[in-house]
Amino acid sequence: MRLSRYFLPLLKETPAEAQIVSHRLMLRAGLVRQEAAGIYAWLPLGLRVLKKIERIVREEMNRAGAVEILMPTLQPSELWKETGRYDAYGPEMLRLKDRHERELLYGPTNEDMVTEIFRAYVRSYKSLPLNLYHIQWKFRDEVRPRFGVMRGREFLMKDAYSFDLDTAGARRSYNRMYVAYLRTFSRMGLVTIPMRAETGPIGGDLSHEFIVLADTGESQVYCHKDLLEMPVPPADVDFDGDLEPIVRQRTNLYAATSDVHDAARFEAEVPADKRMSARGIEVGQIFYFGTKYSKPMKAVVAGPDGKKVPVESGSYGVGVSRLVGAIIEASHDEAGIVWPEPVAPFDIGLVNLKTGDAKTDAACEGLYAKLQAAGKDVLYDDTAERPGAKFAGMDLIGLPWQVVVGPRGLEKGLVEVKNRKTGAKEELSAEAVVNRFAR
RNA sequence: CGGGGCGUGGCGCAGCCUGGUAGCGCAUCUGCUUUGGGAGCAGAGGGUCGCGUGUUCGAAUCACGCCGCCCCGACCA
């Protein structure tokens with residue numbers, strides 16, 4: 001992408017409303033624009049990140065055997081009345097009426113609807129286990145939206161729902177999501193710790209929150225330090241096999257959010273030098289809730305004995321839009337964002353220090369073409385800005401690599417490659433740069 | 001929902017207390033000079049001060065009402 005033809009509104013000054021660093025940087029780097037409290041428009045650069053995160057989530061869900069669907073944002077009130085949640089959910093649910101005075105709601109979650117879909121088609125235990133997920137916008141009319149996209153009212157969430165014949169099966173489904181989440185967040189460059197958590201209004205009796213440690217996090221968490229060093233399950237982990245050892249390796253160690261924290265147990269179970277208390281951002285949560293929805297909604301299947309039983313379910317959420325903020329909280333410096341490569345909006349920022357200079361332009365065009373041919377996403381700054389402004393802009397938007405081309409280096413036949421994260425710079429020939437990034 | 005704060009060119013702010021019809025920096029546009037870490041000079045355009053009502057000869061400024069946004073707390077992916 002040529003910057004001169006792109007839409008990248010960078011802000012030199014920080015908008016007054018933004019308090020935390022990820023929000024400030026998202027506004028300054030032109031990722032999002034706030035349209036109302038907790039409601040954001042995604043600008044080109046932010047959308048690219050959102051899509052990359054979404055893709056990783058999708059790949060790992062599919063790997064774990066979940067099946068993607070897409071449910072609507074608007075739902076009829078009837079489903080929610082069946083489960084009793086229409087009244088129970090309260091003012092956080094946005095309710096509206098269509099022209100025929102029919103009651104609709106903007107979905108804050110989808111247990112009711114997915115259970116309706118399940119019961120409409122599935123009759124036998126032979127169709128189980130089943131895990132249906134979608135990635136869709138949600139709306140929760142939070143009393144107090146804040147922290148930019150970290151606590152928006154409208155947000156993009158991946159929500160998965162598992163269906164099993166019995167509790168043992170449900171436990172296996174839960175474990176699959178547990179392991180899938182470890183992989184998902186790790187691929188985004190995040191260190192997450194699964195923590196025992198309260199189940200909240202969703203219901204159920206087994207739940208873990210996946211927490212990214214960050215000083216600005218909303219949750220106070222307590223855990224065993226070794227959880228930070230746990231190996232991430234490999235890509236070829238067998239999701240049809242026994243995942244219990246992987247899960248237990250972690251759940252054996254103390255980890256809890258403040259809601260369920262037990263100080264006495266913490267001190268008894270964790271040696272003093274291994275105790276860690278910190279702030280964290282919740283980026284995902286998994287629940288097992290059994291027959292909470294299948295019973296009232298009569299989502300039943302015939303078991304091997306021919307008897308109909310309500311299915312055992314769980315739900316599994318990932319805050320996709322929240323992750324954009326969470327990743328920035330976990331990865332930035334004074335100059336701006338430092339994107340982990342897998343979620344960076346572009347792989348490489350190509351900086352032309354002197355547009356209009358024939359040799360510099362030619363060298364840049366050559367690199368731009370070859371790097372793209374090598375499969376890299378390149379943002380080519382071909383604008384007439386001054387070098388200083390270009391450097392500052394590139395650092396702000398945080399692309400992992402900067403390739404800097406100017407007359408001074410070209411005299412020696414060299415261009416500069418800078419690693420945004422380490423700040424390390426090296427001078428290479430244009431050819432060597434292409435080879436560096438070619439796979 | 002309780003408490004606090006803010007709303008003035010695109011952005012960041014001053015002016016408000018002590019009413020007299022709007023100012024600064026950045027950005028934008030033009031020209032010249034610059035060009036390896038957010039350039040310099042000269043010039044130009046752009047706002048009737050969130051909305052409404054009231055007080056007053058006169059309201060960005062005072063009063064009342066409304067709307068929007070932010071922060072702290074309780075609640076949540």
Side-chain angles (χ1 to χ4, degrees), chain A residues 9-20 23-24 27-28 30 33-39 57 89-93 107-111 135-160 181 197-202 207-212 218-219 257-259 281-287 315-326 334-336 351-357 360 383-396 402 404-412 414-416 418 423 425 427:
Chain A
L10 302 183
L11 303 179
K12 212 181 219 177
E13 288 171 286
T14 304
E17 74 268 17
Q19 294 300 315
I20 64 164
H23 191 196
R24 285 202 292 263
L27 294 171
R28 289 230 294 133
R33 163 125 189 121
Q34 181 170 343
E35 295 296 344
I39 298 179
V57 170
Y89 216 93
E92 265 190 34
M93 185 157 73
T109 179
N110 285 71
E111 283 84 3
I135 300 172
Q136 178 63 289
W137 291 93
K138 306 291 188 289
F139 193 92
R140 295 183 189 174
D141 202 355
E142 298 276 349
V143 189
R144 188 182 161 213
R146 59 185 133 170
F147 304 148
V149 299
M150 302 250 282
R151 177 167 299 292
R153 291 192 293 170
E154 188 183 51
F155 58 97
L156 187 62
M157 180 164 104
K158 184 284 300 179
D159 38 326
Y181 277 26
E198 274 190 8
T199 54
I202 305 277
S207 179
H208 285 89
E209 288 184 7
F210 286 71
I211 301 282
V212 178
E218 289 188 85
S219 313
T257 61
S258 56
D259 295 341
I281 301 165
E282 180 189 345
V283 290
Q285 184 164 15
I286 58 180
F287 302 91
S315 73
Y316 315 90
V318 169
V320 176
S321 48
R322 170 180 287 186
L323 273 164
V324 180
E334 322 74 50
V351 181
N352 184 332
L353 288 181
K354 194 166 186 178
T355 51
D357 176 73
T360 310
T383 65
E385 284 296 309
R386 303 170 59 81
K390 291 191 176 194
F391 290 133
M394 277 296 170
D395 285 349
L396 175 62
Q402 293 172 19
V404 180
V405 182
R408 206 158 83 191
L410 286 178
E411 275 178 28
K412 298 177 286 181
L414 298 173
V415 301
E416 182 183 281
K418 175 180 158 185
K425 298 173 184 174
E427 297 211 301

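Below, read A as the first sequence line, B as the second, and so on, with proteins coming before strands; counting in each chain starts at 1.
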What verdict does the side-chain contact (heavy atoms from CB on, under 4.5 Å) test give for A:Phe391 and A:Val404, after you've listed the backbone C-alpha separation in whole Å, the side-chain angles of each residue and the deciding distance to 0.1 Å? CA-CA 9 Å; A:Phe391 290 133; A:Val404 180; 3.7 Å; yes
Looking at residues at least two apart in the chain, or sitting in another chain, which of them share a salt bridge (Lys or Arg N to Asp or Glu O under 4.0 Å) with A:Arg386? none
So what does A:Met150 touch, heavy atoms closer than 4.0 Å: a base, only the sugar-phosphate, or nothing? base
Classify A:Glu142 by what it touches in the nucleic acid, base, sugar-phosphate, or nothing, heavy-atom distance under 4.0 Å. base
Just the rounded figure in Å: distance from P of B:rC71 to CZ of A:Phe147. 7 Å
Work out how far the C1' atom of B:rC13 is from that of B:rC1, and round it to whole angstrom. 32 Å
Do we see a donor-acceptor contact under 3.5 Å between the side chains of A:Glu111 and A:Ser315? yes
Measure from the side-chain N and O atoms of A:Arg24 to the backbone N and O of A:Pro15, and report whether any donor-acceptor pair falls under 3.5 Å. no
May I ask you to say what A:Gly152 touches in the nucleic acid, namely base, sugar-phosphate or nothing, with a heavy-atom cut-off under 4.0 Å? base
Name the nucleic acid region contacted by A:Thr14, choosing base, sugar-phosphate or nothing; use a 4.0 angstrom heavy-atom cut-off, strictly under. sugar-phosphate
Taking the same atom, P, in B:rG36 and in B:rG40, what whole-Å distance lies between them? 14 Å
Quick check: does any side chain N or O of A:Ser321 sit under 3.5 Å from a backbone N or O of A:Phe155, one acting as donor and the other as acceptor? no
Could you list the residues that satisfy side chain to side chain donor-acceptor pair (under 3.5 Å) with A:Gln402, not counting sequence neighbours? A:Asp395
Sequence-aligned protein contact record of nucleotides 24-36 of chain B, with B where the base is within under 4.0 Å of a protein heavy atom and S where only the sugar-phosphate is: -BSS------BSB
Hey, does A:Asp159 reach any base, or is it just sugar-phosphate, or nothing, if we go heavy atoms under 4.0 Å? nothing
Find the partner of B:rU28: check Watson-Crick (N1-N3 plus N6-O4 or O6-N4) and G-U wobble (N1-O2, O6-N3) distances, both under 3.5 Å, and reply none if neither fits. B:rA44
Close N/O contacts between protein and nucleotides 4-9 of chain B (under 3.5 Å):
none

Considering residues at least two apart in sequence or located in another chain, which fulfil the salt bridge (Lys or Arg N to Asp or Glu O under 4.0 Å) criterion with A:Lys158? none
Review item, nucleotides 65-69 of chain B N/O atoms under 3.5 Å of protein N/O:
unit_1, atom_1, unit_2, atom_2, d
B:rC69, OP1, A:Ala37, N, 2.8
B:rC69, O3', A:Gln34, NE2, 3.3

